[in-house]
Amino acid sequence: MFWVFKTEPAECSIADIEAAGSAGVVWEGVRNYQARNFLRDQVKTGDMVLIHHSSCAAVGIAGVATIIAEAFTDPSQFVTDSLYYDPKANADKAPWVAVRVGFVRKFPRILPMADLRAIAGLAEMQLLKKGNRLSIMPTTNAEFDLVLLAAKA
DNA sequence: GCCAACGTTGGC
DNA sequence: GCCAACGTTGGC
């Protein structure tokens with residue numbers, strides 16, 4: 001399948017994923033149930049991911065990654081001084097999962113949302129929908145291809 | 001910093 | 001289990 005993952009580049013940017021090399025990075029800290037369900041149930045090894053930089057100066061799609069390890073228990077939910085600590089989580093009941101993400105490609109420039117909105121085939125893309133707040137969301141193969149095409153322009 | 005949209009919480 | 005109040009997200 002094809003996905004869009006949102007990330008604040010100050011936390012984990014496409015460059016950070018690239019720097020992690022073949023080990024990839026642990027995609028942790030997802031604390032929304034709908035996003036968690038995608039991560040736990042549908043994100044599979046080999047799936048392709050558009051990496052979207054949010055809450056920063058240059059908002060937009062920054063590159064491509066791939067899933068190198070499927071859902072496992074998110075370790076950060078147990079770390080008391082972590083931003084992602086969940087006091088309700090314990091060994092018996094650990095609601096949050098993480099995946100491991102590996103670098104594929106960094107776009108020559110960030111693709112801003114305004115550019116994406118101008119592409120007819122992306123009218124239904126979930127990332128572009130008003131009020132969208134999901135940090136893990138599916139996208140279609142066709143949308144994925146259109147974004148790659150736009151990245152070359 | 002504004003504000004729309006959505007999620008979460010908690011009283012009843 | 002309803003729903004108002006509150007918190008958070010995130011583009012602009």
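Throughout, a chain's letter reflects where its sequence line sits, starting with A, and its residues are numbered from 1.
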For A:Thr73, give me all partners under side chain to side chain contact (heavy atoms under 4.5 Å, CB included), at least two apart in sequence or on another chain.
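Side chain to side chain contact (heavy atoms under 4.5 Å, CB included) list for A:Thr73, sorted by chain: A:Gln77, A:Phe78, A:Ala94.
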Side chain to side chain contact (heavy atoms under 4.5 Å, CB included) partners for A:Ala35, two or more places apart:
A:Val30, A:Asn32, A:Leu134, A:Ser135, A:Ile136
Scan residues 121-131 of chain A for pairs that pass side-chain hydrogen bond (donor to acceptor under 3.5 Å, both in side chains), counting only residues two or more places apart or in two chains.
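Counting only pairs at least two positions apart or across chains, the side-chain hydrogen bond (donor to acceptor under 3.5 Å, both in side chains) contacts touching residues 121-131 of chain A are A:Glu124-A:Lys129.
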A:Arg31 near the nucleic acid: base, sugar-phosphate alone, or nothing, with a heavy-atom cut-off under 4.0 Å?
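Nothing, no nucleic acid heavy atom in range.
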At under 4.0 Å between heavy atoms, what does A:His52 touch on the DNA or RNA strands: base, sugar-phosphate, or nothing?
sugar-phosphate
For DNA chain B, which nucleotides open and close the run of contacts to chain A, 5' to 3', at under 4.0 angstrom from a non-hydrogen atom?
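Contact boundaries, 5' end first: B:dA4 to B:dT9.
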By salt bridge (Lys or Arg N to Asp or Glu O under 4.0 Å), which residues pair with A:Arg31, not counting sequence neighbours?
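Applying salt bridge (Lys or Arg N to Asp or Glu O under 4.0 Å) to A:Arg31 gives A:Asp74.
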Other than A:Trp96, which residues form its hydrophobic cluster under the rule that side-chain heavy atoms must be closer than 4.5 Å?
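Grouped by the 4.5 Å side-chain rule, A:Tyr33 form the rest of the cluster around A:Trp96.
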